[in-house]
Amino acid sequence: ALPSSLVISAGAFGPDVGLDAEPTSLPPKHPVPQADIDGYELVGQGICVDTHRQRYEEWYLPGEKSQALVYKDWDVRQCSCPECKSVCDALAVCMGFGYYCCPEGDKCEGGGAVLFSQGNRPDVDPPAGFSTMGPRGFPTSGSNFHGTGPIASVFEDNDPHRLCYRKLDSTEIAAKADEGTADKDGETTTSSSTTVGIAIALPTPLPPATIPGIPEPPVYVVPPLGYQFVGQGICVDEHDERFEEWYLQGSKAQALVYDDWNINLCRCPECQETCDSVPECIGYGYSCCPRGDKCEGGGAVFFSRGTRPATQPPGHFSIVGPRGFATAGETFAGADRVDHSVVSHQGVSHRFCFRKLDESTTFPMFTPVPPIQIVLPSWVPPTIAGATTPPSQATTEKPIDDVGNKVVEYDLVGHGWCLDAQGEKLEEWYLPATKSEAIIFKDDNLGSCHCPECHAACDRFATCLGFYLYCCPYGEKCVGGAAIFFGKGRRPDLPPPGNFSLEGPSGGPTSGEGFKGSGPITKVKGDGDDIYAFCFRKAELPSEMPPRDIKMGSYYEPHTMQGTIKTIEASWSACAKRCTNTDGCKTWGFWPDGGCHLQDNNTKLVQAECPKEKPFCESLGVLSGTRRTILNLAARAIDEHPVGDGSQGDGVWSIESTIEKAADLRGVAVMIFLLVIAGVCLYVYAQADWSKHRKKKRLIRNANMRKKAELDNSMAGDSDEEEDDDDSESSSSEHAPLSHKVP
């Protein structure tokens, strides 16, 4: 159990520093940095590592949880992490701590960490403010954290914003105390007001291509044709003003991530191509990241103030910077050309600035510029005891979630409500802001606003097109909220997961007559100037969108029919085709991990249910269908009517076209069936009418026959009387009845 002293609250670190209160005072503007803190020794400027250059397990403290990690007036010596020291003081297994500082108002992700040898991190919840999860969800223990024993050195040395402190043991503390006493007795110290320490490098502008004091190995930068390498840092004009820009996320440019710690591999071809194609562009810059490291890379193309094109940026470029920051406005007053670069809070080694040349420069427009040598901090590949090779870096292009699936990426479309190409609204599931704390931001930090529930829900459903969120500042009257979107008729027919709802704000609808959009998301409603509204679309939609008759979030039980096993398929259509080719298969289920299960007739369809602690479980993403829903029609369409982009005969099978053709065939079949029924009804009616007519004729005929018989009988009686009266005329009277005819 943690000691009671680790219950952190306001004022826990002295009268001047707290988690919930503003510091009552700040250090002097330019104090002499102290080499050591009471009980700790400053190892250096960088990430703490052991003798084998391995990192330690940690508890992470986000920068927004510690006001002392933000400094003003670009004076990094104001920065400290009293929370880190307090936690490390209370734990005997703590090896030390490190922290990363940020200048006030700059784009920076600071933070602190208390460090533990591998396997020694306490298996309890961290104290208030600290977390077992690093920035943007990165791990803080595991295969990349093998550090053991005392902190020996730092990696990425000479970073002025990152400090590493080693915890001293009792022997070292006693020795330092003895040294202090000896110094006092020998009067070797200066005055009580003077602090002996090391000088910490400050972020000051350096001449282009000149970074002294950093050892080998070198990095050679060869500028592209038409560009001049300015230096390592942020591109600025002659007055140190930044330029307006189009921003490119690091996740959208694979070349910004380099392997094997070889920064020579880093570049930004997208930046160069865009700057080449836009006459107003005056240069570009980019920041590189080693694969697997906690790093936020990116690129940008630059424009003088007021000259940035008003059109939509090309490709994956955006008018919104990292975490929603601006890319134009009052703080982007740079004009004319890129003059030089300034060292940022992120150091100099991974950021590069290039100026676009024109005829007015002293360099020929299309003449290669000689290579410029840039030196970087030296680094030795890490080794693990007992291992023959260094640990491999991550090889996946996208991060992996907790169930082994690639995390879905999203592109920012703009600031406003999401619409499709025709400007139509999309069906949705709505999430009130009261159900998501992350939509509310504090301290005017809009960059902290996000919607993890939207990510999780939209990731799970193949038909989800993207999501929207509206952020609200804490304490203000604001109706925030979020929504995930589906094309018309493609919203899953099941209860919304988590805290999502079928009702919009104030009980409004989320589907129906006013929601005709089919997707994909291409634009936003209005002028797109509401900075609190964000519209994101899936960067990659499925190549085969599930048809409407396939069930999402439901599966058949039992999962697997006798005689079959689970297989891994590339898509739901491959799983469905497997069912078609398997005797006895009646239904199938395709799971998010690629698993394909086949079932026979002895099954029932059940709805996926997630536990409360994990409302967006992988079962929500399961797709289920029958043998007849699509596969027979698809096979016939492939054999008889190959279709592609709405045309016949190109030999490409399109699922959507097949579905439409199937709908047409079903319509024809229904029409034929109705005609047959109508014909049968007419035939039965005609037969009944004919029978009635025949019966009437028969009755009339029978009546006539009866009347004739009665008349015949009456005539026969009259003849007998005449025969009695006149026997002499008997011969003629015998024939008398024959002379009478029935009228």
Side-chain angles (χ1 to χ4, degrees), residues 396 398 400-401 403-406 408 459-464 486-487 489-490 492-494 538 540-610 617-644 650-666 669:
T396 55
K398 298 178 181 179
I400 304 298
D401 65 10
V403 296
N405 299 321
K406 286 187 176 181
V408 180
D459 288 356
R460 288 290 179 239
F461 295 100
T463 56
C464 179
F486 306 89
R490 294 189 176 277
D493 187 19
L494 73 162
K538 272 186 178 176
E540 296 180 8
L541 292 175
S543 58
E544 296 177 349
M545 189 67 76
R548 291 174 174 84
D549 55 352
I550 286 183
K551 301 293 184 181
M552 286 181 287
S554 299
Y555 52 88
Y556 291 92
E557 286 188 341
H559 294 305
T560 308
M561 62 183 286
Q562 188 173 2
T564 64
I565 60 173
K566 171 187 174 181
T567 61
I568 302 298
E569 305 294 342
S571 65
W572 65 266
S573 62
C575 182
K577 187 175 181 180
R578 180 188 169 212
C579 180
T580 301
N581 297 330
T582 302
D583 293 336
C585 177
K586 301 299 180 183
T587 59
W588 51 270
F590 181 70
W591 291 74
D593 62 355
C596 176
H597 296 266
L598 306 184
Q599 301 91 30
D600 53 22
N601 273 330
N602 301 318
T603 59
K604 64 177 180 178
L605 187 66
V606 298
Q607 195 174 97
E609 295 183 359
C610 297
C617 61
E618 61 176 336
S619 300
L620 294 177
V622 64
L623 301 174
S624 298
T626 66
R627 184 186 184 95
R628 299 180 56 189
T629 50
I630 184 67
L631 299 179
N632 291 337
L633 294 171
R636 186 162 60 250
I638 294 173
D639 296 336
E640 300 176 2
H641 303 287
V643 294
D650 58 5
V652 181
W653 175 39
S654 166
I655 288 292
E656 290 296 331
S657 300
T658 302
I659 296 171
E660 293 175 2
K661 191 173 293 296
D664 294 340
L665 293 175
R666 285 195 296 269

Nearest heavy-atom pair of L620 and R460: which atoms, and what distance?
CB-CB, 4.3 Å
The reported gap from CG in L605 to OG1 in T626 (rounded to nearest 0.5 angstrom) is 10.5 Å
Evaluate K566 against C596 for side-chain contact (heavy atoms from CB on, under 4.5 Å), listing each step before the verdict.
CA-CA 6 Å; K566 171 187 174 181; C596 176; over 6 Å; no
On a heavy-atom basis, the closest approach of K538 and A462 is NZ-O, 4.2 Å
Work out which heavy atom in C464 is nearest to a heavy atom in L541; give both atom names and the distance.
O-CD2, 4.0 Å
Determine whether R578 and T567 make a side-chain contact, defined as any pair of heavy atoms from C-beta on separated by less than 4.5 Å.
yes
Flag side-chain contact, heavy atom, 4.5 Å: P492 against F461
yes
Any side-chain donor paired with an acceptor under 3.5 Å for T587 and R627?
no
Before you tell me yes or no, could you show the steps for S624 and W588 under side-chain contact (heavy atoms from CB on, under 4.5 Å), namely the whole-Å CA-CA distance, both residues' side-chain angles and the distance that decides it to 0.1 Å?
CA-CA 6 Å; S624 298; W588 51 270; 5.7 Å; no
Minimal non-hydrogen separation, G589 against C575, with atom names
O-SG, 3.6 Å
Nearest 0.5 Å, what's the SG-CG distance between C579 and L598?
5.5 Å
Side chains of S571 and E569: do they bring a donor and an acceptor to under 3.5 Å?
no
Side-chain touch P546/F590, heavy atoms, less than 4.5 angstrom:
no
Atom pairs and distances, donor-acceptor, side-chain atoms in residues 550-565, under 3.5 Å, two or more places apart:
unit_1 : atom_1 : unit_2 : atom_2 : d
T560   : OG1    : H597   : ND1    : 2.9
T564   : OG1    : M561   : O      : 2.8

